[in-house]
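Bear in mind that the values here come from a model prediction, so they are computed numbers and not experimental data.
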Amino acid sequence: MAGVDMIGHLAEVESRTEELVLKAQSEARELVIEARDQGEVRYNECHGQIRASAKERLAAETESMKNDCDEALERYRTSVASSKLDVEAFNSLLDKTLFC
């Protein structure tokens, strides 16, 4: 009978071991899910901050470039407006170019 008791005891130990392993797997699964959820939240927060920062930099750069273009265009317009038209020199150049 001692052999039967020993086998029964081993079966009981195996059963408890299986329960412990299943419980550990379940807890590990829950920890992984929780960590993944926390990671996603953190990622979304960081992504949102980076996106907002990039959007602000883009807006600032766009405004700066627009201002630079407006200034260059105004300088060009002023330059063209203040240019002296030399009709005689133009006609002379045309005569030399077209009627060599």
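- The side chain to side chain donor-acceptor pair (under 3.5 Å) check on Arg75 picks up nothing, with sequence neighbours excluded.
- With sequence neighbours excluded, no residue satisfies side chain to side chain donor-acceptor pair (under 3.5 Å) with Ser79.
- Take Lys55 and apply the side chain to side chain donor-acceptor pair (under 3.5 Å) test, not counting sequence neighbours, and it matches no residue.
- Of the inter-residue distances, the one linking Arg36 atom CZ with Gln38 atom CD reads 12.0 Å to the nearest 0.5 angstrom.
- Among pairs with a residue in residues 17-36, none fulfils ring pair (Phe, Tyr, Trp, His ring centres under 6.0 Å), at least two apart in sequence or across chains.
- Distance CD/Glu63 to CG/Asp68: 10.0 Å, rounded to 0.5 Å.
- In this structure, the side chain of Thr62 engages the main chain of Leu58 through a donor-acceptor pair within 3.5 Å.
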Could you give me the CA-CA distance, side-chain angles and deciding distance for Ser92 and Lys96, then say whether side-chain contact (heavy atoms from CB on, under 4.5 Å) is met? CA-CA 6 Å; Ser92 174; Lys96 287 180 192 175; 3.8 Å; yes
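- Remark: Glu30 pairs with no residue by the salt bridge (Lys or Arg N to Asp or Glu O under 4.0 Å) rule, at least two apart or across chains.
- Around CD of Glu88, the count of heavy atoms belonging to other residues, nucleotides or ligands within 6.0 Å does not exceed 12.
- Side-chain N or O atoms of Thr17 include one that pairs as donor or acceptor with a backbone N or O of Val13 at under 3.5 Å.
- More than 12 heavy atoms of other residues, nucleotides or ligands sit less than 6.0 Å from atom CD1 of Ile33.
- Residues satisfying the salt bridge (Lys or Arg N to Asp or Glu O under 4.0 Å) test with Arg77, not counting sequence neighbours, are none.
- Residues satisfying the side chain to side chain donor-acceptor pair (under 3.5 Å) criterion with Asp70, sequence neighbours excluded, are Lys66.
- By the ring-ring contact (aromatic ring centres under 6.0 Å, His included) test, Tyr76 is found to be paired with no residue, residues two or more places apart in sequence or in another chain being considered.
- Applying the ring pair (Phe, Tyr, Trp, His ring centres under 6.0 Å) rule to pairs touching residues 20-68 yields Tyr43-His47, sequence neighbours excluded.
- When the ring-ring contact (aromatic ring centres under 6.0 Å, His included) test is applied to His9, no partner is found at least two apart in sequence or on another chain.
- Listed by first then second residue, pairs satisfying salt bridge (charged side-chain N to carboxylate O under 4.0 Å, His left out) with a partner in residues 14-28 read Glu12-Arg16, not counting sequence neighbours.
- Cluster partners of Leu93, using a side-chain heavy-atom cutoff of under 4.5 Å among ILVMFWY residues and allowing indirect links: none.
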